[in-house]
Amino acid sequence: MKLGILAVLSCLLPACTSLHARAYGGLTQATLDGSVGLQSSAGNLPLNQNRVSLEREAGVDQSEVLPYLRGELGLPIGSVTVSGFAFSETGGGRLAGNHQFGDILPSSLISSRLEFLNVKTAVHFDLINFGVLRLSPGLGVDIFDLDAQISQVGTSNYERIDNVAFVPMLFGQAEVDLGVVAGTLDVGWIDVDLKDADGSYLDVEALVRVNPLPHLEVFAGYRFINIDAKGTADSRRYSADFDLHGWMIGGGVTF
């Protein structure tokens, strides 16, 4: 009886987790929604009232198909995951009559370019591991690189927000593993005061993977990032509130 209890308890310990590694590559179809604002050189704009809609005014409203990469290293105490993708889109439109972006005046015709890079690294520690079900809190860093430029059509005037934020985040990972089919949910969140990017950050990544052959997996998933932040870029205050979300599909190998 005692041996049986010890065997059950030992399987609940992190040491039961075997060493493994995964390397994934695929595509994600991402869409950007939200708004950004930039202070004028005079510094007299009520910034939150002058945020430009990325879809309706800047014309950055199309889904983009982008490469997606993810790696995972399973350890006796938990796991380390790294994932990343880059988003880039151009568009155009007209500023609303009550919106000014930097020194570009309301109602101006504009062209826009937006680039967004994300790299996420997280370390998870197994709190509960029943084999089929695993729950793992963790810590990590999300790198958000935002480069948004709006130009006034017919002139050489342009305004730009170029900022990189290294955001420490609290993470939680849940996994259900049925053998051939498994699902993983990663959630990261923080509300933090940073020098150049104060605000709240939410990062959700959900994957379903299928193991049709030994050491080969295919996956499908969904990614959702929300950033509601303000800070300073090139000595000017900015404000941003946007979502980046989309589906992912691909495959990879396991070791």
Side-chain angles (χ1 to χ4, degrees), residues 27-68 84-119 142-167 194-203 223-248:
L27 297 174
T28 177
Q29 186 178 33
T31 303
L32 186 68
D33 307 308
S35 59
V36 295
L38 180 66
Q39 186 57 263
S40 65
S41 57
N44 58 0
L45 284 182
L47 198 53
N48 285 340
Q49 298 174 27
N50 281 272
R51 287 204 299 222
V52 174
S53 168
L54 295 173
E55 313 99 277
R56 295 187 301 275
E57 296 170 76
V60 185
D61 58 355
Q62 300 297 316
S63 297
E64 294 290 319
V65 178
L66 312 161
Y68 166 84
F85 68 94
F87 177 90
S88 178
E89 190 180 351
T90 59
R94 183 187 293 273
L95 293 184
N98 60 342
H99 287 168
Q100 180 173 331
F101 187 80
D103 290 332
I104 299 179
L105 298 177
S107 301
S108 296
L109 285 173
I110 58 171
S111 62
S112 56
R113 173 185 57 81
L114 191 142
E115 296 177 358
F116 181 82
L117 172 69
N118 170 250
V119 177
D142 250 330
I143 302 174
F144 300 107
D145 185 350
L146 173 65
D147 186 354
Q149 179 173 306
I150 290 181
S151 303
Q152 186 174 5
V153 174
T155 74
S156 59
N157 297 334
Y158 72 90
E159 297 287 5
R160 184 181 182 190
I161 301 172
D162 189 4
N163 194 51
V164 181
F166 293 79
V167 182
L194 300 174
K195 180 179 179 181
D196 293 328
D198 301 342
S200 63
Y201 299 82
L202 174 65
D203 188 343
R223 185 75 180 271
F224 177 85
I225 293 174
N226 172 260
I227 297 176
D228 186 358
K230 58 185 178 180
T232 303
D234 295 330
S235 301
R236 292 234 209 136
R237 297 293 294 171
Y238 74 88
S239 177
D241 183 3
F242 62 87
D243 301 331
L244 189 64
H245 51 92
W247 296 97
M248 304 174 296

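Along the sequence shown, the residues carry numbers beginning at 1.
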Open item on the list: Working note: Asp61 + Arg56, criterion salt bridge (charged side-chain N to carboxylate O under 4.0 Å, His left out); need CA distance, chi angles, decisive distance, verdict.
Closed with: CA-CA 8 Å; Asp61 58 355; Arg56 295 187 301 275; over 6 Å; no

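- Separating the NZ atom in Lys230 from the CG atom in Asp241 is a distance of 12.5 Å, to the nearest 0.5 Å.
- To the nearest 0.5 Å, atoms CD (Gln49) and CG (Asn98) are separated by 9.0 Å.
- Rounded to the nearest 0.5 Å, atoms CG (Leu109) and CZ (Arg94) are 4.0 Å apart.
- Of the residues listed (Asn118, Val119, Val164), the one engaging Asp145 in a side chain to side chain contact (heavy atoms under 4.5 Å, CB included) is Val164, and it is the only one.
- Expressed to the nearest 0.5 Å, how far CG of Leu66 lies from CE of Met248 amounts to 12.0 Å.
- Asp142 and Tyr201 form no side-chain donor-acceptor contact under 3.5 Å, judged by distance and modelled atom types alone.
- Atom CG of Asp196 sits about 7.0 Å away from atom OH of Tyr238, to the nearest 0.5 Å.
- With hydrogens and angles left out, the side-chain atoms of Ser35 and Ser53 include no donor and acceptor closer than 3.5 Å.
- Going from atom CG of Leu117 over to atom CD of Glu115 covers 9.5 Å, rounded to the nearest 0.5 Å.
- Under the 3.5 Å distance criterion, the side-chain polar atoms of Thr90 are left unmatched by any main-chain donor or acceptor of Ser112.
- Between Phe116 and Phe242, the ring planes are perpendicular. Angles over 60° get that label, and only those under 30° would be called parallel.
- Between Gln39 and Arg236, the side chains place no donor N or O within less than 3.5 Å of an acceptor N or O (distance only, hydrogens not considered).
- Remark: Phe166 CZ is loosely packed, at most 12 non-hydrogen atoms of other residues, nucleotides or ligands lying under 6.0 Å away.
- Exactly one residue among Ile110, Leu38, Val52 makes a side chain to side chain contact (heavy atoms under 4.5 Å, CB included) with Glu159. That residue is Leu38.
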